[in-house]
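Every chain is numbered from 1 and lettered A, B, ... according to where its sequence line falls, protein lines coming before strand lines.
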Amino acid sequence: MNKLRFAPSPTGNLHVGNIRTALINYLLAKKLSGHFMLRIDDTDIERSNLIYEEQIKKDLVWAGMNWDSEVKQSQRINKYKEVLDLLISKQLVYPCFEDPEELNLKRKAQLSSGNPPIYDRKSLNLTDKEIEERISNGKKPHYRFFLKSEKIIWNDLVRGECLLDTSSVSDPIIVREDGRFIYTLASVIDDSDFKITHIIRGEDHVTNSAVQIQIFKALNSQIPQMGHLSLMTDIDGGGLSKRIGSLSIDELKKQNIEPQALTSYLAKIGSSQNVELHNSINHLINEFDINSFNKAPTKFDYEFLKNFNIKFFQLINFNTIKERITENKAYFTKEFWDFIKTNVSSIDQIHEWLDILYGNFYIDKNNNFETKNLYLNCFPDQPIDHLTWSKWLENITLKVNDKKINIIKNIRAFLTGKSSGPELSSLIIFLGKEKIFQRLKTDN
RNA sequence: GGCCCCUUCGUCUAGUGGUUUAGGACAUCGCCCUUUCACGGCGGCAACACGGGUUCGAAUCCCGUAGGGGUCACCA
């Protein structure tokens with residue numbers, strides 16, 4: 001059974017980068033007829049917040065992703081402790097006593113003298129006696145995983161063969177001084193216990209992955225297949241993280257970006273597949289190909305998305321869009337949709353047109369009522385059909401000396417209060433005689 | 001600064017030494033359709049980061065330069 005996971009930390013809201021990772025994991029899981037797990041990585045209790053957790057779930061659902069199982073790292077601490085003890089007994093993990101300031105200072109010194117800021121393993125040389133001494137003095141240890149010096153090679157699902165020399169990396173801290181577990185270890189334990197088969201995440205995790213491969217080995221666990229997506233940048237090529245705030249899912253919703261538009265874009269960007277609109281996420285699953293992704297960083301083009309989002313309304317099918325209608329829903333028929341869809345670019349606009357045609361739409365009375373009256377008198381005295389419009393227009397032109405285009409503009413304004421919209425020949429049929437008369441009468 | 005990755009039209013990309021006047025999609029521009037706007041149809045513009053090699057021949061291989069991204073947390 002193939003099993004993938006999305007593991008957000010509930011320390012903030014989802015942004016486009018996160019949701020792309022979530023989406024690609026989801027799509028690959030479903031493509032492989034596998035299982036998609038949501039794992040809440042809340043080991044950092046200080047920064048984690050239940051509010052974010054709830055919002056993340058809402059956002060995932062909004063985007064059309066449902067998870068098959070869910071787990072929270074904060075509820076697995078006992079398991080982590082067990083594994084830690086095991087690793088300590090195998091001497092793969094060792095206690096350290098430097099405090100953060102000390103490490104920071106050391107790093108800066110290494111950096112300024114042109115050396116890579118790698119931990120010097122000073123605490124590794126501590127004798128048992130020295131360790132006991134520190135502990136009895138009230139000093140609390142944090143723990144590091146001893147990284148064996150080797151070249152780690154894996155066949156990356158998107159980057160091909162990858163190589164990382166662990167001698168260029170510090171022994172990772174896996175337990176903090178206060179006893180809380182760090183992601184590096186917790187994640188491996190979970191991936192191992194829950195039998196995750198594929199780990200797809202951003203390129204920012206490649207070093208982690210190499211380190212974690214060694215931890216998987218230490219735990220005698222099966223190493224999942226790894227895939228590292230290139231990161232998205234902003235349109236100028238700068239890191240996206242710097243502008244996270246403006247690209248939160250919340251903000252996209254406010255900008256009326258439709259979930260299908262977003263996921264259609266995010267599932268294909270950075271790959272060799274063309275961005276096309278899907279009606280349901282199943283289309284995306286069918287087309288998904290992890291091998292089509294490029295190693296080069298991808299620009300997140302918000303203008304593209306906005307434009308694409310407009311197209312959404314031309315291509316989305318009736319049933320999908322109907323679910324989104326909240327007002328005057330009874331009037332939202334297939335006929336109405338086919339009539340209006342090329343003239344709207346947001347749900348709000350659909351609601352507006354429903355109101356114009358069927359609701360208590362208010363029309364400005366500051367119009368020329370002489371003209372209104374004249375037009376009204378020219379209205380063909382017969383049931384409205386597809387010929388009514390040309391007849392009506394003809395009647396008017398016989399009586400007034402005005403360009404047709406002006407008459408058309410006037411009628412559109414009188415009837416809908418707008419300067420553009422769907423063609424009037426159909427519009428008057430939808431509107432009906434009663435409303436037409438009502439809106440042209442000057443004393444209403 | 002060390003290490004890793006990347007660099008083809010505005011954007012996402014195809015391209016693995018000759019089939020390439022570098023292909024597609026989206027955007028853009030023009031025309032047609034349309035008694036509005038839009039949709040739709042047709043067409044145009046538009047790119048191999050730079051410099052050296054290797055080769056009969058290089059977007060493609062090698063070296064260098066420049067630029068971008070990532071990472072080097074008691075975050076995930």
Side-chain angles (χ1 to χ4, degrees), chain A residues 7-12 18 41-44 46-48 73 96 98-100 103-104 107 110-119 140-144 156 159 162-170 172-184 186-187 201-208 210 228 230-233 235-241 265 268-276 292 294-301 303-304 307-308 310-311 313-315 340-345 389-390 393 397 403-409 411-413 418-425:
Chain A
S9 63
T11 55
N18 302 133
D41 280 10
D42 55 353
T43 50
D44 188 349
E46 268 171 29
R47 298 195 304 147
S48 294
Q73 289 197 321
C96 302
E98 295 89 346
D99 47 52
L103 291 171
N104 216 335
R107 250 193 307 272
Q110 287 169 313
L111 226 37
S112 64
S113 62
N115 292 315
I118 296 173
Y119 176 60
K140 293 229 167 106
H142 57 276
Y143 290 88
R144 287 185 190 261
D156 196 279
R159 288 155 56 102
C162 282
L163 184 149
L164 195 128
D165 193 337
T166 53
S167 62
S168 64
V169 185
S170 299
I173 293 172
I174 54 168
V175 185
R176 293 172 33 144
E177 184 186 322
D178 61 10
R180 273 146 58 181
F181 287 85
I182 295 294
Y183 156 87
T184 314
S187 181
R201 71 239 276 214
E203 200 180 56
D204 52 334
H205 282 283
V206 289
T207 315
N208 279 334
H228 296 88
S230 69
L231 264 23
M232 293 196 293
T233 67
I235 195 65
D236 301 317
L240 205 53
S241 54
Y265 178 62
K268 300 290 177 67
I269 186 182
S271 84
S272 56
Q273 294 192 47
N274 292 331
V275 176
E276 278 161 7
S292 69
N294 206 283
K295 283 203 252 180
T298 303
K299 286 176 183 158
F300 178 83
D301 189 343
E303 290 306 312
F304 185 111
N307 208 291
F308 186 66
I310 291 170
K311 246 191 160 173
F313 291 92
Q314 263 94 66
L315 300 173
I340 206 78
K341 66 181 177 188
T342 58
N343 280 278
V344 293
S345 59
W389 168 243
S390 53
L393 194 58
T397 50
K403 286 183 185 168
K404 272 190 183 176
I405 185 72
N406 290 334
I407 298 168
I408 293 166
K409 279 180 178 171
I411 292 180
R412 181 180 293 286
K418 302 186 78 68
S419 58
S420 68
E423 54 173 340
L424 286 166
S425 61

Distance between [atom1] atoms of [N] and [M] (Å, rounded):
N     : M     : atom1 : value
B:A25 : B:A14 : C1'   : 11 Å
B:C39 : B:G30 : P     : 14 Å
B:G67 : B:C31 : C1'   : 41 Å

Apply salt bridge (charged side-chain N to carboxylate O under 4.0 Å, His left out) to A:D178 and A:R176, showing your working.
CA-CA 5 Å; A:D178 61 10; A:R176 293 172 33 144; 3.1 Å; yes
With A:R107 via salt bridge (charged side-chain N to carboxylate O under 4.0 Å, His left out) - residues at least two apart
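Residues passing salt bridge (charged side-chain N to carboxylate O under 4.0 Å, His left out) with A:R107: none at all.
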In chain order, what residues pass the salt bridge (charged side-chain N to carboxylate O under 4.0 Å, His left out) check against A:E303, with sequence neighbours excluded?
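Residues passing salt bridge (charged side-chain N to carboxylate O under 4.0 Å, His left out) with A:E303: A:K306.
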Under-4.0 Å side-chain N/O to phosphate OP1/OP2 contact, A:T43 with B:A76:
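Result: yes.
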At less than 4.0 Å, is any side-chain N or O atom of A:R180 found next to OP1 or OP2 of B:C74? Yes or no.
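Answer no for this pair, as no side-chain N or O of A:R180 is under 4.0 Å from OP1 or OP2.
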Let's test this: given Watson-Crick or G-U wobble pairing with both distances under 3.5 Å, identify the partner of [N].
N     : result
B:C61 : B:G53
B:G43 : B:C29
B:C74 : none
B:A66 : B:U7

When all nucleic acid strands are considered with a 4.0 Å heavy-atom cut-off, which category describes A:N208: base, sugar-phosphate, or nothing?
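Base contact.
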Write down the distance between CZ (A:R201) and C1' (B:U71), rounded to a whole number of angstrom.
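It works out to 13 Å between those atoms.
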Whole Å only: how far is the CD1 atom of A:I118 from the P atom of B:U71?
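Nearest whole value for this atom pair: 16 Å.
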Out of B:U71, B:A76, B:C74, which nucleotide sits closest to the side chain of A:L103?
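Closest nucleotide among those given: B:C74.
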Protein heavy-atom contacts under 4.0 Å, written 5' to 3' over nucleotides 1-10 of chain B as B (base), S (sugar-phosphate only) or - (none), form the string BSSSSSS---
Readout for nucleotides 30-46 of chain B: B = base within 4.0 Å of protein heavy atom, S = sugar-phosphate only, - = neither; 5' to 3' it is -----BBBBS-------
Under the side-chain hydrogen bond (donor to acceptor under 3.5 Å, both in side chains) rule, collect the residues that match up with A:D44, sequence neighbours excluded.
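side-chain hydrogen bond (donor to acceptor under 3.5 Å, both in side chains) list for A:D44, sorted by chain: A:R47, A:R180.
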What residues form a side-chain hydrogen bond (donor to acceptor under 3.5 Å, both in side chains) with A:S168, not counting sequence neighbours?
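Result, side-chain hydrogen bond (donor to acceptor under 3.5 Å, both in side chains) vs A:S168: none returned.
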If you round to the nearest 0.5 Å, how far is CZ of A:R144 from CD of A:E98?
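These two atoms lie 6.5 Å from each other.
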Separation between CD1 of A:I407 and OG1 of A:T397, rounded to the nearest 0.5 Å
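So the CD1 of A:I407 and the OG1 of A:T397 are separated by 6.0 Å.
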Between A:N274 and A:Y183, name the one whose nearest nucleotide on RNA chain B is closer to the 5' end.
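Comparing both residues, the 5'-ward one is A:N274.
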Using the ring of each side chain (for Trp, its six-membered ring), is A:H205 parallel, tilted or perpendicular to A:Y183, with breaks at 30° and 60°?
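If you compare the ring of A:H205 with that of A:Y183, the planes turn out tilted.
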If you go through the side-chain atoms of A:D204, does one of them form a donor-acceptor pair with the base of B:A76 closer than 3.5 Å?
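Under the 3.5 Å cut-off, the side chain and the base do not form any donor-acceptor pair.
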